[in-house]
Amino acid sequence: MNLATARSLRRSKEVGLRKTLGVKRSSLVSQFLGESFMMMLISLSIALSITVALLPFFNRLTGKSFTYVTLMSGNTVVILVSVIVSLALLSGSYPAFYLSRFKPAAVAPG
(Lines give C-alpha, C1' and ligand atoms only; values in the text may rest on other atoms or scores of the structure.)
Protein backbone atom coordinates (compact mmCIF):
# COMPACT_ATOMS: atom_id res chain seq x y z
CA MET A 1 0.00 0.00 0.00
CA ASN A 2 2.81 2.40 0.85
CA LEU A 3 4.61 1.71 -2.40
CA ALA A 4 1.47 2.26 -4.46
CA THR A 5 0.66 5.49 -2.63
CA ALA A 6 4.23 6.76 -2.96
CA ARG A 7 4.11 6.17 -6.70
CA SER A 8 0.77 7.95 -6.97
CA LEU A 9 2.20 10.96 -8.82
CA ARG A 10 3.38 8.76 -11.68
CA ARG A 11 0.16 6.77 -11.58
CA SER A 12 -1.95 9.95 -11.41
CA LYS A 13 -0.75 10.90 -14.88
CA GLU A 14 -1.74 7.45 -16.13
CA VAL A 15 -5.14 7.71 -14.44
CA GLY A 16 -5.70 11.19 -15.89
CA LEU A 17 -4.89 9.98 -19.38
CA ARG A 18 -7.09 6.93 -19.06
CA LYS A 19 -10.00 9.01 -17.73
CA THR A 20 -9.75 11.42 -20.66
CA LEU A 21 -9.93 8.38 -22.93
CA GLY A 22 -13.23 7.42 -21.28
CA VAL A 23 -12.30 4.70 -18.80
CA LYS A 24 -14.78 4.47 -15.92
CA ARG A 25 -13.77 4.70 -12.28
CA SER A 26 -14.93 1.14 -11.58
CA SER A 27 -12.58 -0.13 -14.27
CA LEU A 28 -9.68 1.73 -12.69
CA VAL A 29 -10.52 0.39 -9.23
CA SER A 30 -10.67 -3.17 -10.54
CA GLN A 31 -7.32 -2.68 -12.31
CA PHE A 32 -5.61 -1.49 -9.13
CA LEU A 33 -7.17 -4.25 -7.04
CA GLY A 34 -6.12 -6.78 -9.67
CA GLU A 35 -2.55 -5.49 -9.57
CA SER A 36 -2.55 -5.82 -5.79
CA PHE A 37 -3.86 -9.37 -6.03
CA MET A 38 -1.19 -10.29 -8.57
CA MET A 39 1.53 -8.87 -6.30
CA MET A 40 0.18 -10.98 -3.45
CA LEU A 41 0.24 -14.12 -5.63
CA ILE A 42 3.82 -13.43 -6.68
CA SER A 43 4.79 -12.87 -3.04
CA LEU A 44 3.04 -16.08 -2.03
CA SER A 45 4.86 -18.12 -4.65
CA ILE A 46 8.21 -16.67 -3.58
CA ALA A 47 7.43 -17.37 0.09
CA LEU A 48 6.37 -20.95 -0.65
CA SER A 49 9.52 -21.51 -2.70
CA ILE A 50 11.69 -20.26 0.15
CA THR A 51 9.75 -22.42 2.61
CA VAL A 52 10.27 -25.55 0.52
CA ALA A 53 13.96 -24.76 0.06
CA LEU A 54 14.62 -24.11 3.76
CA LEU A 55 12.39 -26.81 5.26
CA PRO A 56 15.16 -29.46 5.50
CA PHE A 57 17.44 -26.97 7.25
CA PHE A 58 14.64 -26.03 9.66
CA ASN A 59 13.96 -29.70 10.41
CA ARG A 60 17.63 -30.36 11.20
CA LEU A 61 17.87 -27.20 13.31
CA THR A 62 14.80 -27.96 15.42
CA GLY A 63 14.85 -31.75 15.36
CA LYS A 64 11.35 -31.84 13.87
CA SER A 65 10.20 -33.74 10.82
CA PHE A 66 7.87 -31.41 8.98
CA THR A 67 7.20 -32.08 5.33
CA TYR A 68 5.68 -29.76 2.79
CA VAL A 69 2.60 -32.01 2.64
CA THR A 70 2.03 -31.80 6.41
CA LEU A 71 2.34 -28.02 6.31
CA MET A 72 -0.24 -27.73 3.52
CA SER A 73 -2.86 -30.07 4.98
CA GLY A 74 -6.12 -29.39 6.78
CA ASN A 75 -7.25 -25.84 7.22
CA THR A 76 -3.86 -24.35 6.35
CA VAL A 77 -4.71 -23.88 2.68
CA VAL A 78 -8.09 -22.31 3.49
CA ILE A 79 -6.48 -19.94 5.98
CA LEU A 80 -3.67 -19.10 3.56
CA VAL A 81 -6.08 -18.29 0.72
CA SER A 82 -8.26 -16.22 3.06
CA VAL A 83 -5.29 -14.22 4.29
CA ILE A 84 -4.01 -13.63 0.73
CA VAL A 85 -7.40 -12.40 -0.52
CA SER A 86 -7.94 -10.22 2.57
CA LEU A 87 -4.48 -8.66 2.33
CA ALA A 88 -4.87 -8.04 -1.39
CA LEU A 89 -8.17 -6.24 -0.82
CA LEU A 90 -6.86 -4.26 2.13
CA SER A 91 -3.57 -3.27 0.56
CA GLY A 92 -5.11 -2.43 -2.81
CA SER A 93 -8.26 -0.66 -1.71
CA TYR A 94 -6.75 2.63 -0.53
CA PRO A 95 -4.58 3.20 -3.61
CA ALA A 96 -7.39 2.01 -5.88
CA PHE A 97 -9.99 4.38 -4.51
CA TYR A 98 -7.53 7.23 -3.95
CA LEU A 99 -6.00 7.13 -7.42
CA SER A 100 -9.29 6.58 -9.23
CA ARG A 101 -10.64 9.84 -7.73
CA PHE A 102 -8.13 12.00 -9.59
CA LYS A 103 -9.62 14.48 -11.98
CA PRO A 104 -7.85 14.65 -15.35
CA ALA A 105 -7.63 18.45 -15.24
CA ALA A 106 -6.06 18.42 -11.75
CA VAL A 107 -3.10 16.24 -12.72
CA ALA A 108 0.07 18.26 -13.03
CA PRO A 109 1.73 18.17 -16.43
CA GLY A 110 5.13 16.98 -16.76
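All heavy atoms count here, side chains included; hydrogens, waters and symmetry mates do not.
- If you chain together hydrophobic residues whose side chains sit under 4.5 Å apart, Ile79 and Met40 fall into the same group.
- Hydrophobic cluster membership of Ile42, counting Ile, Leu, Val, Met, Phe, Trp and Tyr whose side-chain heavy atoms lie under 4.5 Å apart directly or via other members: Ile46, Ile50, Leu54.
- The OG atom of Ser91 sits 13.0 Å away from atom CZ of Phe32, with the distance rounded to the nearest 0.5 Å.
- Looking at Thr76, its side chain never comes within 3.5 Å of a backbone N or O of Met72 through a donor-acceptor pair.
- For the atom pair CE (Met38) and CG (Leu33), the distance works out to 13.5 Å, reported to the nearest 0.5 Å.
- The distance from atom CD of Glu35 to atom OG of Ser30, rounded to the nearest 0.5 Å, is 10.0 Å.
- In this structure, the separation between CG on Leu44 and CG on Leu87 is 10.5 Å, given to the nearest 0.5 Å.
- Remark: Ile84 CD1 to Leu89 CG distance equals 11.5 Å, nearest 0.5 Å.
- Put simply, OG on Ser65 and CZ on Phe58 are 11.0 Å apart, with the number rounded to the nearest 0.5 Å.
- Between Phe66 and Leu55, the closest heavy-atom pair is O-CD2, 3.8 Å.
- Pairing each heavy atom of Phe37 with each of Val85, the nearest pair is CE1-CG2, 4.1 Å.
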